[in-house]
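The figures here come from the full heavy-atom set of this structure, side chains too, leaving out hydrogens, waters and symmetry mates.
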Amino acid sequence: MAAPIEVHSVAVWNTLRRSATENNIPIVVDFHAEWCEPCKAIAPIYHQLANQHHRALFLRVDVDRNQPIATKYNITAMPTFLVIRNGAVADTLRGADARGLAAMVARHAAVPPLPPAADEARAAGNAAFAAGDLAAAAAHYTRGLEVAPDSAVLHANRALMYIRQVRGAPSRDTRMELRRQAMRDADAATDLEPRWGKGWVRSAEAVLLSGDDEVLEGMSTSAEGRREDKRRMLAAVLETLFNAANLSDGKLRADALAMRDDVRARLEALSES
């Protein structure tokens with residue numbers, strides 16, 4: 001679950017602020033206090049918004065424990081919510097106004113809708129996927145990406161189509177190309193939306209495919225070399241699934257945790273053998 005991060009020091013604040021600025025990610029901040037009843041009342045809504053909007057970094061700052069931060073931003077009432085972009089305050093909301101908070105977050109962190117042609121292609125791809133026609137679904141998503149190349153959703157959807165086609169592909173060359181295509185799309189999805197859990201799940205699935213036995217046999221001439229390659233691959237997937245689980249909720253989080261447990265078990269078995 002992508003819960004807001006509680007800031008405990010100026011050093012942590014500065015690190016998070018710099019990282020967000022470097023990656024062009026807006027920061028949403030809840031300035032609150034333990035004794036503030038309106039702060040407690042709106043906190044669950046703030047958590048829910050953090051789960052729904054993966055295009056922003058959500059932080060919470062206790063004003064009594066972080067006076068220098070509160071002073072810097074002239075916080076005089078709690079709760080106060082700020083949106084910070086590129087180091088500057090872009091929006092402010094004072095008070096436990098749930099509707100106003102949701103509107104402010106949407107202005108700065110909502111995923112823009114797909115252009116109509118791209119959304120039409122996405123819907124056609126989803127229908128083809130539901131009908132079991134993976135190649136047609138991939139073609140529809142490709143058509144959508146021609147219109148909206150920066151859509152993480154379309155990249156992730158197409159990655160899944162490539163992943164699902166690998167096992168049934170007729171030749172090793174075709175399977176290898178599908179793996180490469182899946183990895184490129186999964187990487188694009190996580191690059192475009194680094195706080196989107198589903199993109200990280202697709203990345204984990206693609207890495208697992210790129211490190212299966214068929215691929216590893218061509219990378220090392222020794223059994224020990226292949227074992228070490230597989231160990232490194234599983235360790236990388238495990239880290240990716242931690243990202244996926246931490247940035248997800250509901251069924252997606254449950255799926256990421258189940259995958260993580262399976263990969264951890266495979267890694268432990270490999271280490272013991």
Side-chain angles (χ1 to χ4, degrees), residues 1-112 190 193-200 239 241-257 260:
M1 186 174 294
I5 298 171
E6 194 74 43
V7 175
H8 295 293
S9 70
V10 173
V12 170
W13 169 266
N14 287 337
T15 297
L16 293 169
R17 182 178 54 80
R18 281 195 297 267
S19 176
T21 299
E22 290 168 1
N23 292 284
N24 195 29
I25 296 172
I27 299 174
V28 185
V29 193
D30 172 10
F31 286 94
H32 65 96
E34 287 294 328
W35 46 262
C36 169
E37 292 302 322
C39 298
K40 295 175 183 177
I42 202 167
I45 295 170
Y46 187 68
H47 276 68
Q48 183 179 14
L49 289 168
N51 292 331
Q52 292 172 346
H53 296 274
H54 54 267
R55 284 198 162 195
L57 178 63
F58 286 78
L59 307 178
R60 299 187 80 235
V61 175
D62 185 317
V63 297
D64 293 323
R65 296 177 182 175
N66 296 279
Q67 283 283 352
I69 303 173
T71 299
K72 175 182 170 116
Y73 291 97
N74 299 313
I75 305 302
T76 58
M78 275 65 70
T80 292
F81 300 92
L82 300 183
V83 174
I84 299 173
R85 274 188 177 275
N86 299 319
V89 175
D91 217 337
T92 303
L93 177 73
R94 293 181 176 85
D97 178 358
R99 185 172 296 178
L101 178 59
M104 185 176 79
V105 170
R107 282 195 299 273
H108 298 277
V111 177
T190 56
E193 301 288 354
R195 290 178 52 79
W196 184 39
K198 185 173 285 188
W200 288 104
E239 183 176 348
L241 287 169
F242 272 108
N243 281 338
N246 289 336
L247 295 170
S248 305
D249 58 3
K251 184 178 184 302
L252 183 63
R253 176 176 169 82
D255 289 346
L257 289 172
R260 188 191 67 183

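Between the side chain of K40 and the main chain of E34, a donor-acceptor pair closer than 3.5 Å is present.
For the atom pair CZ of R260 and CG of L257, the computed distance is 5.0 Å after rounding to the nearest 0.5 Å. Distance check: F31 CZ to L59 CG gives 8.5 Å after rounding to the nearest 0.5 Å. Between the CG atom of N66 and the NZ atom of K72 there is a distance of 13.5 Å, given to the nearest 0.5 Å. The structure places CZ of R85 at 6.5 Å from CG of N24, a figure rounded to the nearest 0.5 Å. Between E193 atom CD and T190 atom OG1 the span is 10.5 Å, to the nearest 0.5 Å. Remark: I69 CD1 to W13 CH2 distance equals 6.0 Å, nearest 0.5 Å.
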Using the side-chain contact (heavy atoms from CB on, under 4.5 Å) rule, take W35 and D64 through it: C-alpha gap first, then chi angles, then the decisive distance, then the call. CA-CA 10 Å; W35 46 262; D64 293 323; 2.8 Å; yes

Pair R55, V111 - check side-chain contact (heavy atoms from CB on, under 4.5 Å), show working. CA-CA 7 Å; R55 284 198 162 195; V111 177; 3.9 Å; yes

For the pair W200 and L241, evaluate side-chain contact (heavy atoms from CB on, under 4.5 Å) and give the outcome as yes or no after the intermediate values. CA-CA 7 Å; W200 288 104; L241 287 169; over 6 Å; no

Carefully, step by step, assess L57 and R195 under the rule side-chain contact (heavy atoms from CB on, under 4.5 Å). CA-CA 8 Å; L57 178 63; R195 290 178 52 79; 3.7 Å; yes

Intermediate values then yes/no, side chain to side chain donor-acceptor pair (under 3.5 Å), Q48 and H53: CA-CA 9 Å; Q48 183 179 14; H53 296 274; over 6 Å; no

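Between H47 and P4, the closest side-chain pair of non-hydrogen atoms falls below 4.5 Å. Between P194 and N23 the shortest side-chain heavy-atom distance does not fall below 4.5 Å. The shortest side-chain heavy-atom distance between H32 and V63 does not fall under the 4.5 Å cut-off.
Smallest separation of non-hydrogen atoms from E6 and V61: OE2-N, 4.2 Å. Between C39 and M78 the shortest heavy-atom distance is SG-CB, 3.7 Å.
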Would you be so kind as to tabulate the donor-acceptor pairs closer than 3.5 Å made by side chains of residues 15-22, with sequence neighbours excluded?
{"from": "T15", "atom 1": "OG1", "to": "A11", "atom 2": "O", "distance (Å)": "3.0"}
{"from": "R17", "atom 1": "NH2", "to": "N14", "atom 2": "OD1", "distance (Å)": "3.4"}
{"from": "T21", "atom 1": "OG1", "to": "R17", "atom 2": "O", "distance (Å)": "3.0"}

Identify all side-chain donor-acceptor contacts of residues 86-95 below 3.5 Å with residues at least two apart in sequence or on another chain.
{"from": "D91", "atom 1": "OD2", "to": "R107", "atom 2": "NE", "distance (Å)": "3.1"}
{"from": "D91", "atom 1": "OD2", "to": "R107", "atom 2": "NH2", "distance (Å)": "2.8"}
{"from": "D91", "atom 1": "OD2", "to": "H108", "atom 2": "NE2", "distance (Å)": "2.9"}

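For E239, the CD atom sits in a loose shell: 12 or fewer heavy atoms of surrounding residues, nucleotides or ligands are nearer than 6.0 Å.
Between F58 and Y46, a ring centre-to-centre spacing shorter than 6.0 Å is recorded.
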